[in-house]
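First comes the structure, then the notes that go with it.
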Amino acid sequence: MSDLRELYQQVILDHNRAPRNHTAMDNADHTAEGFNPLCGDEITVYVKLTDGLVEDISFVGHGCAISQASASLMTERIKGKSIEDFKKLFGEFHELVTREPGQTADADALGKLAVFAGVCEFPMRVKCATLAWHTAKNAIRGTTDRATTE
């Protein structure tokens, strides 16, 4: 199991050091901001929707390794997906990180996002892992409210 944890840590560190889709999008038709006051994580998510699909998604911001890696992996995973697919994945991811430690999760369905399986053991880190997701949800809905983890 320690090999798996080490791999997960490497993926998180890689996406923190070199986050994918980390840029402001000029042609976004939806944006939202998010803030985690416990860590100081701040993020802006940019989304371009076309015919019910997330044609493009990106983010800018700063924060801890978990929040930045989560945003990076999220953007990779939902780009090109339908809004319905995003909603389903949002629920699966949220369940993964908020489940009781020791409960099993369907890591296969989440792909690389399974690297966040251990977050449920650290309740304070759940907010870091989910900030980008809540912010993307607001952007897709067209909500102007700032996403927060409080």
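Below, each value reflects all heavy atoms present in this structure, side chains not excepted, and no hydrogens, waters or symmetry copies. Count residues from 1 along the sequence.
- The same ILVMFWY cluster, assembled from side-chain heavy atoms under 4.5 Å apart, contains both Met25 and Val60.
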CA sep, side-chain torsions, deciding dist, call: Tyr46, His30, ring pair (Phe, Tyr, Trp, His ring centres under 6.0 Å): CA-CA 6 Å; Tyr46 302 86; His30 293 80; over 10 Å; no
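- Side-chain contact between Gln68 and Arg17: absent, with no pair of heavy atoms (C-beta onward) separated by less than 4.5 Å.
- Smallest separation of non-hydrogen atoms from Arg20 and Ser72: N-OG, 2.8 Å.
- Between Asp85 and Ile78 the shortest side-chain heavy-atom distance does not fall below 4.5 Å.
- Residues Ala139 and Val45 approach most closely at CB-O, 4.2 Å, considering heavy atoms.
- The side-chain tip of Lys137 points at the ring of Phe90 from less than 6.0 angstrom away and within 45° of straight on.
- Remark: the backbone N or O of Arg146 is not paired with any side-chain donor or acceptor of Asn138 at under 3.5 angstrom.
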As a quick check of understanding, evaluate side-chain contact (heavy atoms from CB on, under 4.5 Å) for Leu73 and Val11, giving each step before the final call.
CA-CA 10 Å; Leu73 284 158; Val11 170; 4.3 Å; yes
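- The number of heavy atoms from other shown groups lying within 6.0 Å of NZ (Lys79) is above 12.
- Taking every heavy atom of both residues into account, Phe59 and Pro19 meet most closely at CZ-CB, 3.8 Å.
- Between the side chain of Thr130 and the backbone N or O of Val126 there is at least one donor-acceptor pair closer than 3.5 Å.
- Put simply, the side chain of Ile43 does not reach to within 4.5 Å of the side chain of Asn36, judged on heavy atoms.
- Remark: the backbone N or O of Gly63 is not paired with any side-chain donor or acceptor of Ser67 at under 3.5 angstrom.
- Asp14 and Lys112 are not joined by a salt bridge, as no carboxylate oxygen comes within less than 4.0 angstrom of a charged side-chain nitrogen.
- Closest approach of Val54 to Val47, counting heavy atoms only: CG1-CG1, 4.2 Å.
- Annotation: Asn27, atom CG; neighbour count of heavy atoms from other residues, nucleotides and ligands within 6.0 Å is above 12.
- Judged by distance alone, with hydrogens and angles left aside, the side-chain atoms of Arg99 form no donor-acceptor pair with the main-chain N or O of Val97 at under 3.5 Å.
- For the residue pair Ser58 and Asn21, no side-chain donor N or O sits within less than 3.5 Å of a side-chain acceptor on the partner.
- Here Glu55 does not pair with Lys81 in a salt bridge; the nearest charged N to carboxylate O distance is not below 4.0 Å.
- You'll find the side chain of Leu110 reaches within 4.5 Å of the side chain of Leu89, heavy atoms only.
- At distances below 3.5 Å, not a single donor-acceptor pair connects side-chain atoms of Arg77 with backbone N or O atoms of Phe86.
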Hey, mind stepping through Glu84 and Lys88 against salt bridge (Lys or Arg N to Asp or Glu O under 4.0 Å) and telling me if it holds? CA-CA 6 Å; Glu84 291 306 313; Lys88 182 177 185 234; over 6 Å; no
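- Considering all non-hydrogen atoms of both residues, Lys48 and Asp29 come closest at CA-OD1, 3.4 Å.
- Atom NE2 in His62 sits 10.0 Å away from atom NE2 in His22 (nearest 0.5 Å).
- Ring orientation note: the planes of Trp133 and Phe93 are close to parallel, at an angle under 30° on the 30°/60° scale.
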